[in-house]
Amino acid sequence: MAYKTVNPYNNEVVKEYPNATEDQLQEALATGHDLYKTMRKQPISERAKILHNVAAKLREHSDELAKACTVDMGKLYRESKGEVELVAIIADWFADHGEDLLKSEKIDTIATGEAEIRHQSTGVIMMVEPWNFPYYQIMRVFAPNFMVGNPMILKHAANTPTSAQMFADVVAEAGAPKGSLTNLFLSYDQVTEAIEDPRVQGVALTGSERGGTAVAGAAGKNLKKNTMELGGMDPFVVLGDADMDAVNDIAWRARLYNCGQVCTSSKRFIVMDNVYDEFLDSLKKHFAAVKPGDPMDPATTLAPMNTEKAKNKLQSQLDDAIAHGAKVAYGNEHIDLPGQFFMPTILTDIDKDNPAFKTELFGPIASVYKVHSEQEAIDIANDSPYGLGGIVFSGDADHGAEVAGQIETGMVFVNNFMATLPELPFGGVKLSGYGREMSHIGQMAFVNEQLIVKTDKPDLGNLAGGLVATDPE
Ligand code: NAP
């Protein structure tokens with residue numbers, strides 16, 4: 001069976017889940033489509049109440065949800081607890097703001113009558129999500145689409161099935177009607193089958209280029225609107241006048257949080273020469289201080305990676321980077337524990353022809369570059385196939401924001417850790433994907449911006465340059 005929970009801390013197979021049947025997929029499509037029709041007639045305020053209830057239920061079940069997440073993919077229990085709270089905050093925010101964001105907009109027009117845009121639901125959304133934030137990734141799609149009235153089918157990652165099912169169970173327990181979020185253990189072919197179905201009107205994927213290319217390809221072939229939240233190689237730029245206490249305190253966290261398995265982890269540290277040695281010494285010291293162990297133990301500060309496969313892939317990428325000339329400034333040693341632990345590692349001397357220069361390393365490896373000018377820092381930051389996020393540290397926040405504006409990514413934070421909150425749009429450019437989740441932009445991802453122009457009677461004298469049939473001369 002493809003879907004199973006294998007605890008990456010001790011490799012125990014906790015639970016296996018059978019693949020979805022054809023009947024289950026057909027039932028989910030039919031139930032979702034019926035619900036779409038029903039929801040179109042309901043006031044949004046009814047769904048807002050349910051979404052607040054989802055937030056309350058998430059908080060009520062926070063301990064079980066956090067434990068399931070940690071057992072599924074290994075993250076530190078306190079980080080899992082933080083994720084559950086963030087997910088509840090997102091639900092509350094969309095419940096509070098969704099109705100207002102979706103209200104009709106009047107348009108000033110020279111057309112006869114009154115024109116407005118109504119934000120309508122479109123139909124069932126197929127969402128495909130990754131394991132690294134098992135609840136947060138679902139909620140980024142679920143909350144706005146539930147508010148607008150788009151039912152959803154979820155295909156979660158093969159290694160986080162328990163979290164996926166628990167999330168869907170919480171949504172049901174909170175009173176969401178059947179079909180609002182149907183979790184199915186789908187094969188790739190079944191995902192394509194769902195995308196081909198006319199009842200599915202949108203496709204959202206968060207994941208790698210591999211998954212993104214396949215799912216966006218199927219969506220494009222079937223002319224289905226889609227959003228792609230893909231990988232990143234986010235730069236962390238340290239300018240020469242940066243507050244080094246703040247930099248040193250944040251840099252290691254920005255790389256090691258969630259064991260470095262975050263799309264917006266700072267993967268490339270681009271550091272001005274005058275502060276480079278201090279930066280590298282501090283990063284080594286912090287990387288050396290982490291304590292691998294049971295992610296349920298509050299004393300543990302380094303979690304295992306999510307699967308053996310992911311750990312082996314990272315090791316082979318590291319070996320390849322070293323074979324191409326990169327130097328190991330710290331790490332690359334075995335951790336003597338049975339789980340999927342990977343020693344935090346720092347690489348320097350990564351030339352442009354090294355595969356590591358342009359490949360996402362999805363785990364606790366920091367690539368550090370020394371630069372001699374601000375322009376060189378910006379050029380290296382932009383010399384990447386990805387464009388997701390980034391951080392700039394500068395002694396002057398306004399100047400930091402000017403540098404941030406020259407970085408070709410979707411999100412940049414100045415003098416701080418990258419944060420994700422419901423009111424802040426999330427997404428990237430280049431191979432990091434397209435579209436935005438969260439915020440007012442995410443609320444509109446799968447909305448029919450329906451134009452309605454009304455008048456009591458037509459005015460054929462007011463053609464106003466519009467394309468209308470005229471009487472034959
Ligand atoms: P992945 O392999 O692309 O998997 C993501 C999801 O896509 C999983 O549910 C996976 O299912 C599914 N999938 C993969 N190939 C598919 C196909 N051909 N048809 C249908 N579904 C398919 O991604 P990952 O490597 O596990 O996740 C980590 C990646 O996600 C990193 O690159 C990270 O940067 C990125 N990420 C991006 C964001 C963002 O918001 N931009 C956020 C988090 C993570 P299976 O598990 O069954 O293979």
Side-chain angles (χ1 to χ4, degrees), residues 1-6 17 19-20 25 72-75 83 126-141 153-161 163-164 183-196 200 203-219 221 226-234 257-267 305-307 309-314 317 359-363 384-390 409-411 418 420 424-439 442 445:
M1 275 177 274
Y3 288 85
K4 49 179 128 162
T5 291
V6 181
Y17 297 80
N19 270 34
L25 175 56
D72 258 351
M73 52 69 68
K75 79 170 64 178
E83 181 175 341
M126 177 71 232
M127 71 157 114
V128 181
E129 300 302 332
W131 45 268
N132 66 340
F133 291 92
Y135 304 126
Y136 162 74
Q137 304 291 1
I138 309 175
M139 186 57 92
R140 292 196 324 196
V141 179
I153 296 176
L154 166 66
K155 181 255 178 277
H156 216 314
N159 59 321
T160 47
S163 309
N183 173 50
L184 290 177
F185 300 120
L186 298 174
S187 68
Y188 293 173
D189 286 347
Q190 286 173 313
V191 170
T192 304
E193 188 185 332
I195 293 170
E196 286 167 350
V200 168
V203 182
L205 176 136
T206 296
S208 65
E209 263 171 85
R210 176 186 77 100
T213 311
V215 171
K221 200 169 159 202
N226 62 91
T227 54
M228 290 289 136
E229 296 284 354
L230 308 178
M233 292 183 70
D234 287 4
Y257 171 65
N258 206 24
C259 196
Q261 304 165 113
V262 185
C263 51
T264 52
S265 291
S266 295
K267 293 174 188 131
M305 290 186 65
N306 75 104
T307 58
K309 191 172 155 211
K311 176 180 148 177
N312 291 343
K313 180 179 172 191
L314 190 66
Q317 289 177 307
T359 315
E360 182 183 35
L361 301 175
F362 210 57
S384 164
Y386 295 99
L388 191 56
T409 65
M411 309 166 273
M418 272 209 65
T420 176
L424 304 178
F426 195 104
V429 295
K430 302 202 256 183
L431 288 186
S432 295
Y434 46 82
R436 293 291 182 271
E437 290 183 346
M438 311 256 267
S439 80

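In this text the structure is predicted, and so the values were computed from the model without any measurement. In each ligand, atom 1 is the first atom listed, and ligand 1 is the first ligand listed.
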Contact table, ligand 1 N/O with protein N/O, distance under 3.5 Å:
{"from": "ligand 1", "atom 1": "2 (O)", "to": "R210", "atom 2": "NH2", "distance (Å)": "2.8"}
{"from": "ligand 1", "atom 1": "3 (O)", "to": "S208", "atom 2": "N", "distance (Å)": "2.9"}
{"from": "ligand 1", "atom 1": "3 (O)", "to": "S208", "atom 2": "OG", "distance (Å)": "2.6"}
{"from": "ligand 1", "atom 1": "3 (O)", "to": "G211", "atom 2": "N", "distance (Å)": "3.4"}
{"from": "ligand 1", "atom 1": "9 (O)", "to": "E129", "atom 2": "O", "distance (Å)": "2.7"}
{"from": "ligand 1", "atom 1": "9 (O)", "to": "A157", "atom 2": "N", "distance (Å)": "3.4"}
{"from": "ligand 1", "atom 1": "11 (O)", "to": "K155", "atom 2": "NZ", "distance (Å)": "2.9"}
{"from": "ligand 1", "atom 1": "23 (O)", "to": "S208", "atom 2": "N", "distance (Å)": "3.2"}
{"from": "ligand 1", "atom 1": "26 (O)", "to": "W131", "atom 2": "NE1", "distance (Å)": "2.6"}
{"from": "ligand 1", "atom 1": "30 (O)", "to": "G207", "atom 2": "O", "distance (Å)": "3.2"}
{"from": "ligand 1", "atom 1": "32 (O)", "to": "E360", "atom 2": "OE1", "distance (Å)": "2.7"}
{"from": "ligand 1", "atom 1": "34 (O)", "to": "E360", "atom 2": "OE2", "distance (Å)": "2.7"}
{"from": "ligand 1", "atom 1": "40 (O)", "to": "R140", "atom 2": "NH2", "distance (Å)": "2.7"}
{"from": "ligand 1", "atom 1": "40 (O)", "to": "E229", "atom 2": "OE1", "distance (Å)": "3.4"}
{"from": "ligand 1", "atom 1": "41 (N)", "to": "L230", "atom 2": "N", "distance (Å)": "3.3"}
{"from": "ligand 1", "atom 1": "41 (N)", "to": "L230", "atom 2": "O", "distance (Å)": "2.7"}
{"from": "ligand 1", "atom 1": "46 (O)", "to": "A158", "atom 2": "N", "distance (Å)": "2.9"}
{"from": "ligand 1", "atom 1": "47 (O)", "to": "K155", "atom 2": "NZ", "distance (Å)": "2.9"}
{"from": "ligand 1", "atom 1": "48 (O)", "to": "Y188", "atom 2": "OH", "distance (Å)": "2.5"}
{"from": "ligand 1", "atom 1": "48 (O)", "to": "R210", "atom 2": "NH2", "distance (Å)": "3.4"}

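- In this structure E83 satisfies the salt bridge (charged side-chain N to carboxylate O under 4.0 Å, His left out) test together with K75, sequence neighbours excluded.
- Between W131 and F362, the ring planes are perpendicular. Angles over 60° get that label, and only those under 30° would be called parallel.
- You'll find the side chain of L25 reaches within 4.5 Å of the side chain of L184, heavy atoms only.
- Put simply, the residue from K430, E360, E209 that forms a side chain to side chain donor-acceptor pair (under 3.5 Å) with Y386 is E209.
- The only member of Q137, M73, E229 that meets side-chain contact (heavy atoms from CB on, under 4.5 Å) when paired with P130 is Q137.
- Inspection of the D72 and S163 side chains reveals an N or O donor paired with an N or O acceptor under 3.5 Å.
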